[in-house]
Colleague: 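Encoded as structure tokens, here's the structure I'll be asking about.
Model, not experiment: these values are computed from the prediction.
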Amino acid sequence: MTDALALLNSVFGYPAFRGNQRAIIERLAGGGDCLVLMPTGGGKSLCYQIPALLRPGCGIVVSPLIALMRDQVAALEEAGVRAAFLNSTLDVQTASRIEAALLKGELDLLYIAPERLLAARTMDLLKCARIALIAIDEAHCVSQWGHDFRPEYGALGVLAQAFPGIPRIALTATADDLTRREIIDKLELAQAETYLASFDRPNIRYTVAPRGLAKSGGAHAQLIDFLTEHHQGHAGIVYRISRAKTEETARFLNQNGFPCLPYHAGLDAATREDTQTRFSNEPDLVVAATIAFGMGIDKPDVRFVAHLDLPRNIEAYYQETGRAGRDGTPADAWMTYGMSDIVSQRRMIEESEGADAFKRVAQQKLDALVGLAESAGCRRVRLLSYFGESSVPCGNCDNCLNPPITFDGTELAQKALSAVYRTGQRFGAGHVIDVLLGRDTERAQSLGHNTLPTFGIGRDAGEGQWRTVLRQLVALGFLRADSEAYGALKLEDAARGVLKGETSVQLREESAAPARAKASRQSRKRAKDRSGSGSWPAIPIEADTAEGALFQALRAWRADVAREHGVPAFVVLHDSTLAAIAAAKPDSLSGLRAISGIGDAKLARYGVQLLEVTSAQPGS
């Protein structure tokens, strides 16, 4: 492990391992198998990159997306590591050259897509090469219970028989217990040691806003309010449920002064590639996307991830929000949703081709996410609890900063449930609310609902409050929005106790969304302690200081270098490294080498230039 630490410092420029990186590297370098669950930004890639450099031969990395391969290989090459990838973007001559380099022992790491890896020709090639280890990244893709199921991943179990004695490591940022068991089974990792890091991302602030609370109404209006107040000029991702909605959101954001590109599977490959490249390189670009976008994005300075539609489950939510704040500095995970989202997700589950068991699990996972969205307690505690991790209130989510008011809503619940029952459990929220408010609509008249005992019993509350009550009753398991009956509300068994007065119901009070409170000094300290960070926040630096001026000068230099090399700016140096340089103002190569993130190769390549930038700034 002395050699491993030396590599960590000399190649990657980091002074020490984090968390259980050391134990993972020691086991893999020693020939043992591993299953690693570590949050996005936690340093998963080092867990196989360093053993690949320690062991004889080339490390093979199974990676699901082209963009991810490209950025990781570029970053390794910048650090002086002999790395390459094999995927469909390469011409025959380039692919042949890389295959020859593998056979000659001239590569340290080779990234391959699962489809290409499993091709007979590639398997024969690898059997002729000296293989150090096999790493299967984004391993949750193997699981039918996961959120990014890829059928080709399910066949990767053959690697155990094809390459006996070669250590394998499966890595993912998110997997509940059911998914973990399937990863072990499908990949034949029964002898693997499991390493479970904390799922906590303390720098991310989680916020959930029921749809329609913005001053001007609507999800887009809420998004603009959020971005205008907190994220002017920042890069971010807005997830939508469909291609049409991504296009609609992109148009809306562009019209309102936020540069935005759409991304979905309906766009041609060249357009998608251009969007990913621009997003990696431009500091203020927003992408409105379906879930097809994100898994291959290695951009560290995404300042927010917004969901305008409910994700499928907590794993998907965690994975997608994990794109934010990979650099460890403050970022936002913001979501708005409504009853229609629950109906849509239920319909997608029911219409899927999965077996009944799959649908049951999918519904349970959706229920858990709705419970998170409706929770009156700390979001982070609820989120971590889902993954089997205990924690204390974070002081940095919306519910901690603006604690919701709860009240005894039993009487409101009884009225709502009675209206659903009396109308035959055949109608959605709109008609049920009309009956509660006593609206003598044409529909109510034709159905005779204007003569029901429940007609008008809810006039003491407004339409908005009734929508909130019905949504919460669904989340609490007293009502079900039937996807097969166009969202018709139906009573669950638990409703009987409420109607009989045997069960009380606590509801949360909702009003127009308050301005986001600033984290108190105590909550910032708590977040800093949880992250292990030495400062909060490390970035951004105040622009009107000498340190800020140097930071911006370093970013300008980095942008020029990135353009010259044809790589994203963060591949050259992360913002956190530039911030550390701006703070320390080193005046020698040795002083620069002491900065985290600057290894030997980057010092040799950029050291003199960096010192020229720092010395040219006033006060340096």
Colleague: Is Gln222 reaching over with its side chain to a backbone N or O of Pro210, donor-acceptor style, under 3.5 angstrom?
Modeller: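 Between the backbone of Pro210 and the side chain of Gln222 there is a qualifying donor-acceptor contact (under 3.5 Å).
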Colleague: Okay, side chain of Glu374, backbone of Leu476: is any donor-acceptor separation there less than 3.5 Å?
Modeller: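 No, the answer is negative, given that no donor and acceptor are paired below the 3.5 Å cut-off.
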Colleague: For residues Met339 and Leu489, determine if any side-chain heavy atom of one lies less than 4.5 Å from a side-chain heavy atom of the other.
Modeller: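 Yes, their side chains come closer than 4.5 Å.
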Colleague: Go through the steps for His307 and Tyr317 under the test ring pair (Phe, Tyr, Trp, His ring centres under 6.0 Å), then give the verdict.
Modeller: CA-CA 9 Å; His307 284 87; Tyr317 174 72; 5.7 Å; yes
Colleague: For Arg211, is there any backbone N or O sitting under 3.5 Å from a side-chain donor or acceptor partner on Thr336?
Modeller: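 Pair found, side chain donor or acceptor close to backbone of Arg211.
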Colleague: Do His574 side-chain atoms and Ser576 backbone N/O form a donor-acceptor pair below 3.5 Å?
Modeller: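 Flag not set: sc His574 to bb Ser576 has no pair under 3.5 Å.
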Colleague: Which value, rounded to the nearest 0.5 Å, describes the distance between Glu182 atom CD and His140 atom NE2?
Modeller: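 Those atoms lie 12.5 Å apart.
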Colleague: I'd like to know whether His231 forms a ring pair (Phe, Tyr, Trp, His ring centres under 6.0 Å) with Phe226, so could you lay out the CA-CA distance, the side-chain angles of the two residues, the decisive distance to 0.1 Å, and finally the verdict.
Modeller: CA-CA 7 Å; His231 291 291; Phe226 166 69; 5.3 Å; yes
Colleague: Would you check, one step at a time, whether the test side chain to side chain contact (heavy atoms under 4.5 Å, CB included) holds for Tyr263 with Ile237?
Modeller: CA-CA 10 Å; Tyr263 186 102; Ile237 304 170; over 6 Å; no
Colleague: Step by step, work out the side chain to side chain contact (heavy atoms under 4.5 Å, CB included) result for Thr179 and Val142.
Modeller: CA-CA 9 Å; Thr179 302; Val142 76; over 6 Å; no
Colleague: If every non-hydrogen atom of Arg323 is compared with every non-hydrogen atom of Val302, which pair is closest and at what distance?
Modeller: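 Residues Arg323 and Val302, closest heavy atoms: O-CB, 3.3 Å.
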Colleague: List the atom of Asn281, the atom of Pro568, and the distance in Å for their closest heavy-atom pair.
Modeller: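 Scanning both residues, the minimum pair turns out to be OD1-CA, 2.9 Å.
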Colleague: Before giving the answer on side chain to side chain contact (heavy atoms under 4.5 Å, CB included), spell out for Asn399 and Cys378 the whole-Å C-alpha distance, their side-chain angles and the decisive distance to 0.1 Å.
Modeller: CA-CA 6 Å; Asn399 284 347; Cys378 174; 5.9 Å; no
Colleague: Which one of Thr207, Asp398, Asn396 satisfies the side-chain hydrogen bond (donor to acceptor under 3.5 Å, both in side chains) criterion with Arg379?
Modeller: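 Going through Thr207, Asp398, Asn396 one by one, the side-chain hydrogen bond (donor to acceptor under 3.5 Å, both in side chains) with Arg379 is satisfied by Asp398 alone.
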Colleague: Name all residues meeting the salt bridge (charged side-chain N to carboxylate O under 4.0 Å, His left out) criterion together with Glu492; count only those two or more places apart in sequence or in a different chain, and write none if there are none.
Modeller: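 If we apply the salt bridge (charged side-chain N to carboxylate O under 4.0 Å, His left out) test to Glu492, skipping adjacent residues, the hits are Arg480.
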Colleague: Mind checking side-chain hydrogen bond (donor to acceptor under 3.5 Å, both in side chains) for Ser198 and listing every partner two or more places apart, or none if nothing turns up?
Modeller: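 Only Glu389 meet the side-chain hydrogen bond (donor to acceptor under 3.5 Å, both in side chains) criterion with Ser198.
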Colleague: Any side-chain to backbone donor/acceptor pair from Tyr206 onto Leu383? Under 3.5 Å, distance only.
Modeller: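 Flag not set: sc Tyr206 to bb Leu383 has no pair under 3.5 Å.
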Colleague: Check Asp284 against Pro259 and note the closest heavy-atom contact, atom names and distance.
Modeller: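 Smallest interatomic distance, heavy atoms only, reads O-CG, 3.6 Å.
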Colleague: Does a side-chain heavy-atom distance below 4.5 Å link Phe258 with Val238?
Modeller: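 No. Closest side-chain heavy atoms not under 4.5 Å.
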Colleague: Using side-chain heavy atoms (C-beta onward) and a distance below 4.5 Å, is Phe570 in contact with Ser280?
Modeller: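 Counting from C-beta outward, Phe570 and Ser280 do come under 4.5 Å.
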Colleague: For Leu436, which residues count as a side chain to side chain contact (heavy atoms under 4.5 Å, CB included) partner, sequence neighbours excluded?
Modeller: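 Expected list: Lys415, Ala419, Val432, Ile457, Trp466.
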Colleague: Within the structure provided, determine whether Val420 and Leu473 are in side-chain contact (heavy-atom separation under 4.5 Å).
Modeller: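 No, their side chains stay 4.5 Å or more apart.
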Colleague: Does atom CZ (Arg496) have a neighbourhood of more than 12 heavy atoms from anything else shown, all under 6.0 Å?
Modeller: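 Not buried by this count: 12 neighbours or fewer within 6.0 Å.
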Colleague: Would you give the length of the straight line joining atom CG of Leu308 to atom CH2 of Trp334, rounded to the nearest 0.5 angstrom?
Modeller: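 The distance works out to 6.0 Å.
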Colleague: Does the distance from a Lys or Arg side-chain N to an Asp or Glu carboxylate O, for Arg360 and Asp356, drop under 4.0 Å?
Modeller: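 Answer for the salt bridge query: no.
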Colleague: Which value, rounded to the nearest 0.5 Å, describes the distance between Ser344 atom OG and Ile241 atom CD1?
Modeller: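 It is 5.5 Å, given to the nearest 0.5 Å.
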Colleague: Please check if the side chain of Glu247 supplies one atom and the backbone of Pro262 the other of a donor-acceptor pair under 3.5 Å.
Modeller: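 No: the side chain of Glu247 does not pair with the backbone of Pro262.
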Colleague: Between Met335 and Leu310, is a side chain to side chain contact (heavy atoms under 4.5 Å, CB included) present by the stated rule, with each step listed?
Modeller: CA-CA 8 Å; Met335 179 171 73; Leu310 197 67; 4.0 Å; yes
Colleague: Which residue pairs pass the salt bridge (charged side-chain N to carboxylate O under 4.0 Å, His left out) test with at least one member in residues 250-263, sequence neighbours excluded?
Modeller: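 Qualifying pairs, neighbours excluded: none.
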Colleague: Could you check whether atom CD of Glu411 has more than 12 heavy atoms from other residues, nucleotides or ligands sitting under 6.0 Å from it?
Modeller: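 Not more than 12 within 6.0 Å, no.
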Colleague: If I take atom CD from residue Gln472 and atom CG from residue Leu507, how far apart are they, to the nearest 0.5 angstrom?
Modeller: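 Rounded to the nearest 0.5 Å, the CD-CG separation comes out at 5.0 Å.
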Colleague: So, for Thr172 and Lys44, which heavy atoms are closest and what is the spacing to 0.1 Å?
Modeller: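 Closest approach of Thr172 to Lys44, heavy atoms only: O-CD, 3.9 Å.
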Colleague: For Tyr386, check side chain to side chain contact (heavy atoms under 4.5 Å, CB included) against everything at least two apart and list the hits.
Modeller: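 Result, side chain to side chain contact (heavy atoms under 4.5 Å, CB included) vs Tyr386: Asp176, Ile314, Glu315, Lys365, Ala368.
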Colleague: Closest approach of Pro39 and Asp200, non-hydrogen atoms and distance?
Modeller: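 Here Pro39 and Asp200 meet closest at CG-O, 4.5 Å.
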Colleague: How about CD on Gln232, more than 12 heavy atoms from neighbouring residues, nucleotides or ligands closer than 6.0 Å, or not?
Modeller: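 For Gln232, atom CD is crowded (more than 12 foreign heavy atoms under 6.0 Å).
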Colleague: Distance check, rounded to the nearest 0.5 Å: Leu37 atom CG versus Ile183 atom CD1?
Modeller: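 Rounded to the nearest 0.5 Å, the CG-CD1 separation comes out at 6.5 Å.
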Colleague: Using every non-hydrogen atom in the two residues, find where Thr246 and Ala289 come nearest and quote the distance to one decimal.
Modeller: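 Residues Thr246 and Ala289, closest heavy atoms: CG2-C, 3.4 Å.
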Colleague: Do Leu171 and Met38 make a side-chain contact, defined as non-hydrogen atoms from C-beta onward lying under 4.5 Å apart?
Modeller: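 They are not in contact (no side-chain heavy atoms under 4.5 Å apart), so the answer is no.
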Colleague: Report yes or no: does Arg240 contribute a side-chain atom to a donor-acceptor pair with the main-chain N or O of Ala288 at less than 3.5 Å?
Modeller: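 Absent.
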Colleague: Between Arg422 and Thr454, is a side chain to side chain donor-acceptor pair (under 3.5 Å) present by the stated rule, with each step listed?
Modeller: CA-CA 7 Å; Arg422 294 285 186 178; Thr454 49; 5.5 Å; no
Colleague: Do Val370 and Val474 have side chains that get closer than 4.5 Å, going by heavy atoms?
Modeller: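 Heavy-atom side-chain distance check fails, nothing below 4.5 Å.
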Colleague: Keeping the roles fixed (side chain from Arg380, backbone from Arg201), state whether a donor-acceptor pair exists under 3.5 Å.
Modeller: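 Answer holds: yes.
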Colleague: Under a 3.5 Å cutoff, is there a donor and acceptor pairing between the side chains of Gln345 and Arg312?
Modeller: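 No - no donor-acceptor pair under 3.5 Å links their side chains.
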Colleague: Salt-bridged, Lys245 to Asp309, with N to O below 4.0 Å?
Modeller: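 Asp309 and Lys245: salt-bridged.
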Colleague: Ser418 side chain to Gln414 main-chain N or O, any donor-acceptor pair under 3.5 Å?
Modeller: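 Present.
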Colleague: Between the side chains of Tyr153 and Glu138, is a donor N or O closer than 3.5 angstrom to an acceptor N or O?
Modeller: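 The criterion, which ignores hydrogens and geometry beyond distance, is not satisfied for Glu138 and Tyr153.
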Colleague: Assign the ring pair Phe427 / His449 to parallel, tilted or perpendicular, where the plane angle (0 to 90°) is split at 30° and 60°.
Modeller: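 It falls in the perpendicular class, over 60°.
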Colleague: Are any non-hydrogen side-chain atoms of Arg346 and Asp367 less than 4.5 angstrom apart?
Modeller: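 Yes. Closest side-chain heavy atoms under 4.5 Å.
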Colleague: Would a distance-only check, ignoring hydrogens and angles, find a side-chain to backbone donor-acceptor pair under 3.5 Å from Gln363 to Ile349?
Modeller: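 Looks like no, no N/O pair under 3.5 Å.
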Colleague: With sequence neighbours left out, what residues match Asp301 under side chain to side chain contact (heavy atoms under 4.5 Å, CB included)?
Modeller: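 Result, side chain to side chain contact (heavy atoms under 4.5 Å, CB included) vs Asp301: Lys299, Arg303, Asp327, Arg555, Asp575.
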Colleague: How long is the span from the CG atom in Leu452 to the OH atom in Tyr421, to the nearest 0.5 Å?
Modeller: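 Going from CG on Leu452 over to OH on Tyr421, the span is 11.5 Å.
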